[in-house]
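Here the structure is laid out as structure tokens; the discussion comes afterwards.
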Amino acid sequence: MPLVGWRRTLNQPCPSRGVLLTAAEAEEDCHSDTVRAEDDENESPAETDLQARELFLKAVEEEQNGALYEAIKFYRRAMQLVPDIEFKITYTRSPDGDGVGNSYMEDNDDDSKMADLLSCFQQQLTFQESMLKLCQPELENNQTHISVLPMEVLMYIFRWVVSSDLDLRSLEQLSQVCRGFYICARDPEIWRLACLKVWGRSCIKLVPYTSWREMFLERPRVRFDGVYISKTTYIRQGEQSLDGFYRAWHQVEYYRYIRFFPDGHVMVLTTPEEPQSIVPRLRTRNTRTDAILLGHYRLSQDTDNQTKVFAVITKKKEEKPLDYKYRYFRRVPVQEADQSFHVGLQLCSSGHQRFNKLIWIHHSCHVTYKSTGETAVTAFEIDKMYTPLFFARVRSYTAFSERPL
């Protein structure tokens, strides 16, 4: 990095290598700088910036070589051309780690450099050794380093990190460890499998996206690392008192919870219990809560680019024990029927989070009688009782991996 306080040094008399400059040398230096400044006024701004950048990088190189006197001279000349040249250049570490000024990038090119960061890391790794290694140990130790593992084993570990729950958030955090892990986390096969698990055959083609990762991040989808929650509150009129002087009013509050899974399953629960007690029970589908409705869902994208979620849910079937108490009495036969609920939701984003809001568009109850095969449909009116559901991330849902991706 440049000298600490080199700006203050430029305003002081210039020391030579071990002795002070004579008055004649100082005057000659100042005269040459003045002549250069006058010549540079006739140049275009682009040429001036380019010349100042070259002088500044030359000063950095001299400083790295220990020639502080030469470095100060080049710093002074660069600042005379462009006073804020220091803030127009940022540094990146070169592949061999020597010379900070050997590679640099301008602020205007930050976006293009970040977009091509994967190829940049791949090129840097090829410069290190003839035998490609994803990473190197920072400190010497006697234990086996992870870089010794073959690429196939490392990629299998990364698939365990993503797991069958599609925890791509952990994969992005893992990519921040080093350049090698960044390359592994951008493996197209991992992101392709994640997209296939979410959208199935409808994502065979990448168009209009440029990569599988971009499709997973940009295409609307439900989220799996948490639960969608809504709270409904209304006032209900109670019965009149016995003396007829007053009538009670009750405030009713209840919650709706919807949990989606990558394999197409969904859980729905309506209860007055607060999220602190309900959310831990929704981690797996094998919960013992009797009021939970289980079903399947699918994503649908209309021509207006609005993504909708349609689900069919049913109540958990309970095996009733046989009642032998009244086995000698003739009982009136009860008509058996299957009951299911059809739900339609619109997926949208709100605030800084993406795909975190579900708006009700349809809710109906379907009763199918087994004896006749007839189905009775009752549609519910979507009113203020159907408040939108907002997503809440739950860390415990992705704390363990049961199966790899």
Side-chain angles (χ1 to χ4, degrees), residues 197-202 221-222 224 227-232 234 236-237 239 250 252-273 278 281-282 284-304 306-347 358-389:
K197 200 162 187 179
V198 175
W199 294 287
R201 298 180 179 179
S202 62
R221 55 179 172 80
V222 293
F224 311 116
V227 58
Y228 290 86
I229 306 175
S230 71
K231 179 180 179 181
T232 303
Y234 66 93
R236 181 176 63 84
Q237 185 178 3
E239 296 182 357
H250 305 279
V252 181
E253 292 183 355
Y254 64 90
Y255 297 85
R256 284 192 179 98
Y257 303 89
I258 298 182
R259 170 83 198 279
F260 296 97
F261 294 90
D263 57 359
H265 287 83
V266 62
M267 291 194 308
V268 180
L269 175 63
T270 302
T271 177
E273 298 186 50
I278 292 297
R281 306 182 196 174
L282 303 179
T284 62
R285 296 193 300 271
N286 300 326
T287 180
R288 298 182 179 180
T289 305
D290 296 333
I292 287 183
L293 303 178
L294 302 176
H296 294 80
Y297 73 93
R298 64 179 178 88
L299 297 176
S300 174
Q301 190 170 6
D302 297 338
T303 56
D304 55 356
Q306 291 185 353
T307 302
K308 296 179 175 58
V309 184
F310 296 99
V312 178
I313 52 179
T314 57
K315 192 175 182 180
K316 297 173 61 176
K317 295 183 179 180
E318 300 178 359
E319 297 182 358
K320 296 182 179 180
L322 297 177
D323 188 4
Y324 297 98
K325 183 176 181 180
Y326 303 99
R327 61 181 181 274
Y328 298 109
F329 296 91
R330 178 175 296 179
R331 306 181 64 180
V332 179
V334 179
Q335 190 174 7
E336 296 184 358
D338 292 332
Q339 186 182 40
S340 63
F341 296 92
H342 292 230
V343 175
L345 302 162
Q346 180 178 339
L347 180 64
L358 294 175
I359 300 177
W360 289 87
I361 58 176
H362 176 74
H363 189 202
S364 61
C365 178
H366 294 237
V367 179
T368 302
Y369 299 98
K370 294 183 178 181
S371 58
T372 61
E374 297 180 354
T375 301
V377 180
T378 304
F380 303 102
E381 182 181 358
I382 304 300
D383 53 10
K384 62 181 180 179
M385 303 296 292
Y386 289 87
T387 56
L389 298 101

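Of the options F260, Y257, W360, a ring pair (Phe, Tyr, Trp, His ring centres under 6.0 Å) to Y228 is made by F260 and by none of the others.
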Inset, instruction - For H362 and K308, run side-chain contact (heavy atoms from CB on, under 4.5 Å): C-alpha distance rounded to whole Å, both residues' side-chain angles, the deciding distance at 0.1 Å, then the answer. - result: CA-CA 11 Å; H362 176 74; K308 296 179 175 58; over 6 Å; no
Inset, instruction - In sequence, state the C-alpha distance, the side-chain angles, and the governing distance for D338 and K370, and then conclude on side-chain contact (heavy atoms from CB on, under 4.5 Å). - result: CA-CA 7 Å; D338 292 332; K370 294 183 178 181; 3.3 Å; yes
Inset, instruction - Applying side-chain contact (heavy atoms from CB on, under 4.5 Å), run through V268 and V343 and close with a yes or a no. - result: CA-CA 10 Å; V268 180; V343 175; 5.9 Å; no
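Residues V367 and T378 are not in side-chain contact: their nearest non-hydrogen atoms beyond the backbone lie 4.5 Å or more apart. Side-chain atoms of V266 and L294, non-hydrogen and from C-beta on, never get closer than 4.5 Å to each other.
Rounded to the nearest 0.5 angstrom, I278 CD1 and T271 OG1 are separated by 4.5 Å. In this structure, CG on L293 lies 10.0 Å from CD1 on I258, to the nearest 0.5 angstrom. Rounding to the nearest 0.5 Å gives a distance of 11.5 Å between OG of S300 and CD of Q346. Atom CD of E253 is separated from atom OG1 of T232 by 9.5 Å, given to the nearest 0.5 angstrom. Taken from CD1 in I313 to CE in M267, the straight-line distance is 11.5 Å, to the nearest 0.5 Å. In this structure, OG1 in T387 is found 11.0 Å from CD1 in I359, a value given to the nearest 0.5 Å.
Between the side chains of T368 and T375, at least one donor-acceptor pair of N or O atoms lies under 3.5 Å.
Here the closest heavy-atom approach between residue M385 and residue Y234 is recorded as CE-CD2, 3.2 Å. Residues I382 and Y386 approach most closely at CA-CD1, 4.0 Å, considering heavy atoms. Across all their heavy atoms, R285 and D263 have their closest contact at NH1-OD2, 3.0 Å. Of all heavy-atom pairs spanning F310 and G344, the tightest one is CD2-CA, 4.0 Å. For the pair P388 and S230, the tightest heavy-atom approach, listed with the atom from each and the gap, is O-CB, 3.2 Å. Taking each heavy atom of S364 and V377 in turn, the nearest pair found is CB-CG1, 4.4 Å.
Applying the ring pair (Phe, Tyr, Trp, His ring centres under 6.0 Å) rule to F380 yields the partners H363; only residues at least two apart in sequence or on another chain are considered.
Sorted pairs that involve residues 372-383 and meet salt bridge (charged side-chain N to carboxylate O under 4.0 Å, His left out), not counting sequence neighbours, are lacking altogether.
The 12-atom threshold is not exceeded at CD of E239, counting heavy atoms of other residues, nucleotides or ligands nearer than 6.0 Å.
Between H342 and H366, the gap from one ring centroid to the other is short of 6.0 Å.
Under a 3.5 Å cut-off, the side chain of Y297 and the backbone N or O of F261 do form a donor-acceptor pair.
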